[in-house]
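Below is one structure, written out as structure tokens, with a few remarks after it.
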Amino acid sequence: MKKSIKQTQWGIAVIAALTLSACDDFNPMSQKGEFYYSNPTTSNISFKVDDKSYEVLPGQRDIIKLSSGKHKLENSQGDIFSFMVFDNNNGGIINPDNHVYYTLSEAYAVEGKADRFKPATYEVVINGHELEMAVRSANATVIDANIFKCDYPLGEAFPDSITVNDRKSIGNIQSKCFDKPELVQYIATEYDENISPSTADEATQDTVNMPFNYDLPTADFANPKLQAKAEELLALLKPLQDTNDTDIHEKLNKQAHQLMMELVDIHANSASSSGVAENEKYNDFVSKIGELRGYGIWGR
């Protein structure tokens with residue numbers, strides 16, 4: 001068993017400067033229409049976005065600006081991925097060859113308060129190393145920043161401290177996006193842990209703990225009222241799969257929120273008699289609906 005890395009052992013973020021700031025929105029990665037890309041390999045990679053060609057050198061990173069609407073990504077093998085960018089997007093990562101990318105979270109806190117801020121940890125395998133740390137991993141062709149959230153994008157370092165404008169705040173959780181070489185170097189430098197592969201086989205042993213799935217969930221509840229409300233929700237969200245309306249979320253949100261509240265009420269009134277399996281189905285359904293409502297990008 002490989003050694004697990006515990007994120008709480010490292011203290012980049014133990015001390016933060018808590019002073020007034022002129023900037024209220026502290027989320028640099030949340031940039032509508034900005035899609036990052038990188039080349040985490042040792043060879044050139046090429047791809048096309050909307051028939052415009054890109055040749056990327058090893059280690060190179062850059063940004064593509066995409067407007068809301070339909071787009072097409074083609075990799076060097078000629079495989080085409082069509083996707084819709086909605087108005088509620090926060091950009092993301094263009095990933096034509098389906099490499100694994102990562103978002104790692106760190107805690108920023110005033111001195112003596114670090115134990116109050118512990119990012120959630122997840123199991124992940126990187127280069128064959130089995131880890132449990134505050135890292136999400138994804139290899140989607142277009143990684144949606146609405147879900148794969150990063151305060152600091154590819155190639156931009158975590159700061160030593162952050163400035164907030166709330167004098168009552170004692171800390172915060174911040175996240176950063178990495179490609180694999182960048183993350184391996186970061187962990188070596190800041191955690192003093194070597195997770196480089198020792199064999200060529202280990203270099204391919206990576207897991208994904210944040211898959212992107214654009215399929216609507218199924219509803220199969222024993223409670224007829226719960227089933228009917230779930231079917232209403234599914235019917236409301238179904239147009240997301242093939243709509244050309246970039247602002248559809250704004251139009252659906254009020255009704256979707258109301259239906260979700262009604263679904264929650266129905267379940268709350270029957271949860272004690274529903275049984276474990278039925279409650280698990282409900283939790284999975286609600287989680288998937290929330291995820292789909294949050295997407296700023298849909299694969300077609």
Side-chain angles (χ1 to χ4, degrees), residues 5 7 10-19 21-42 45 47 49 54 56-66 85 89-97 99-109 117 119-120 122 124 126 131 133-165 169 171-193 195-196 206 210 296-297:
I5 297 173
Q7 184 275 336
W10 181 63
I12 185 175
V14 171
I15 300 176
L18 294 180
T19 59
S21 169
C23 179
D24 290 329
D25 184 11
F26 190 76
N27 197 356
M29 183 61 175
S30 294
Q31 296 295 326
K32 182 176 178 179
E34 290 192 352
F35 290 80
Y36 290 76
Y37 64 86
S38 73
N39 181 354
T41 75
T42 56
I45 64 172
F47 61 90
V49 176
Y54 295 83
V56 192
L57 300 176
Q60 182 181 350
R61 304 181 183 96
D62 213 332
I63 300 173
I64 298 172
K65 293 283 291 184
L66 296 179
V85 176
N89 83 85
N90 284 318
I93 299 173
I94 297 290
N95 185 22
D97 295 328
H99 295 292
V100 182
Y101 284 83
Y102 303 89
T103 175
L104 179 147
S105 298
E106 297 284 14
Y108 285 77
F117 295 90
Y122 306 89
V124 63
I126 304 173
L131 311 173
M133 57 191 303
V135 168
R136 304 309 304 267
S137 58
N139 68 345
T141 308
V142 179
I143 298 175
D144 189 343
N146 280 26
I147 309 298
F148 199 77
K149 297 180 179 179
C150 302
D151 298 293
Y152 305 96
L154 297 172
E156 182 176 330
F158 272 118
D160 292 331
S161 64
I162 62 173
T163 301
V164 298
N165 61 0
S169 177
N172 204 342
I173 303 295
Q174 298 289 285
S175 58
K176 171 182 158 39
C177 276
F178 296 82
D179 59 26
K180 188 161 74 165
E182 187 185 10
L183 181 64
V184 170
Q185 181 60 51
Y186 178 84
I187 290 175
T189 301
E190 305 297 346
Y191 287 75
D192 195 26
E193 293 285 350
I195 61 168
S196 297
D206 304 309
M210 183 181 280
I297 301 159

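Judged by distance alone, the side chain of Lys176 and the main-chain N or O of Pro153 form a donor-acceptor pair under 3.5 Å. Formation of a donor-acceptor pair under 3.5 Å by the Asn89 side chain with backbone atoms of Lys32 is not found in this model. The backbone N or O of Thr103 lies less than 3.5 Å from no partner atom in the side chain of Ser175, so there is not a single donor-acceptor pair.
In plain terms, the two heavy atoms of Ile93 and Cys177 that are nearest each other are CD1-SG, 4.1 Å. Scanning both residues, Glu182 and Gly155, for their nearest heavy atoms gives OE2-N, 3.1 Å. Residues His99 and Asn95 come closest through the heavy atom pair O-ND2, 2.7 Å. What you find for Asp151 and Ile173 is that their closest heavy atoms are OD2-O, 4.1 Å. Heavy atoms only, all atoms of each residue included: Ile297 and Asp144 are closest at N-OD2, 3.0 Å. Closest non-hydrogen pair, Pro58 versus Asn39, comes out as N-ND2, 3.3 Å.
The distance from atom CD1 of Ile147 to atom CE of Met210, rounded to the nearest 0.5 Å, is 7.0 Å. We find the CG-CG distance between Leu57 and Asp62 to be 11.0 Å, quoted to the nearest 0.5 Å. With values rounded to the nearest 0.5 angstrom, Gln185 atom CD is found 10.5 Å from Ile195 atom CD1. Between the CD1 atom in Ile64 and the CD atom in Glu34 there is a gap of 11.5 Å [rounded to 0.5 Å]. From Asp206, atom CG reaches atom CG of Asn139 across 9.5 Å, with rounding to the nearest 0.5 Å. Put simply, CE on Met133 and CD1 on Ile126 are 6.5 Å apart, with the number rounded to the nearest 0.5 Å.
The ring-ring contact (aromatic ring centres under 6.0 Å, His included) test applied to Tyr54 returns Tyr37, Phe47, not counting sequence neighbours. Partners of Tyr102 by side-chain hydrogen bond (donor to acceptor under 3.5 Å, both in side chains), not counting sequence neighbours: none found.
Side-chain contact between Tyr108 and Phe117: absent, with no pair of heavy atoms (C-beta onward) separated by less than 4.5 Å.
Figure legend: Arg136 and Phe148 shown without cation-pi pairing, the cationic atom not lying both under 6.0 angstrom from the six-membered ring centre and within 45 degrees of its axis.
A side-chain donor from one of Tyr101 and Ser38 sits under 3.5 Å from a side-chain acceptor of the other.
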